[in-house]
Amino acid sequence: MNKNFKVVCIDSNNRPNDIPTSKWLVKDDTYTVTKAEYMNQQNKMLGFELAELDISKCFPYTRFAANRFRPFTKEDEAALVAVAELLEEFDYV
């Protein structure tokens, strides 16, 4: 699958030592999936490549497990817009 879509991290626990903290997930942050493929080395678990974090050189971890994410929803988008409008209203932008 190569169509980009947004997801929200729900599990940033248990970072493998082979992945530096600078390239690790932050819980509740939004990410853009650029590629989804099954990971042969992790029992064919579905894995995501993200636009924001490149771990392609952190072998054997080259993708993030899909179960660490939930879909980005219309409610997420509405919340982001509401917060942006509120910040703009109070000149925090």
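Excluded from the calculations below are hydrogen atoms, water molecules and symmetry mates; all remaining heavy atoms, backbone and side chain alike, are included.
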- Message: Surrounding CG of Asn13 (heavy atoms of other residues, nucleotides or ligands, distance under 6.0 Å), is the total greater than 12?
- Response: yes
Do [X] and [Y] belong together in a cluster built from hydrophobic side chains that touch within less than 4.5 Å?
X: Val26; Y: Leu50; result: yes
X: Val8; Y: Leu46; result: no
X: Phe72; Y: Val33; result: no

Under the rule for side-chain hydrogen bond (donor to acceptor under 3.5 Å, both in side chains), what residues qualify as partners of [X], not counting sequence neighbours?
X: Lys74; value: none
X: Lys27; value: none
X: Asp28; value: none

- Query: Hey, mind stepping through Thr30 and Val7 against side-chain contact (heavy atoms from CB on, under 4.5 Å) and telling me if it holds?
  - Reply: CA-CA 6 Å; Thr30 301; Val7 292; over 6 Å; no
- Task: Answer yes or no: is there a side-chain heavy-atom contact under 4.5 Å between Met39 and Lys44?
- Result: no
- Query: What residue pairs, at least two apart or across chains, pass ring pair (Phe, Tyr, Trp, His ring centres under 6.0 Å) with a residue in residues 19-57?
  - Reply: Phe5-Phe48, Trp24-Phe64, Phe48-Phe69
- Of all heavy-atom pairs linking Leu25 and Ser12, the shortest is O-CB, 3.6 Å
- Task: With sequence neighbours excluded, give me every salt bridge (charged side-chain N to carboxylate O under 4.0 Å, His left out) pair touching residues 7-20.
- Result: Asp11-Arg68
For residues 54-62, dump all side-chain donor-acceptor pairs below 3.5 Å to protein atoms at least two apart in sequence or in another chain.
unit_1	atom_1	unit_2	atom_2	d
Asp54	OD1	Ser56	N	2.9
Asp54	OD1	Ser56	OG	2.7

Could you list the donor-acceptor pairs under 3.5 angstrom formed by side chains in residues 76-86, with sequence neighbours left out?
unit_1	atom_1	unit_2	atom_2	d
Asp76	OD1	Arg70	NH2	3.0
Asp76	OD2	Arg70	NH1	2.9
Asp76	OD2	Thr73	N	2.8
Asp76	OD2	Thr73	OG1	3.1

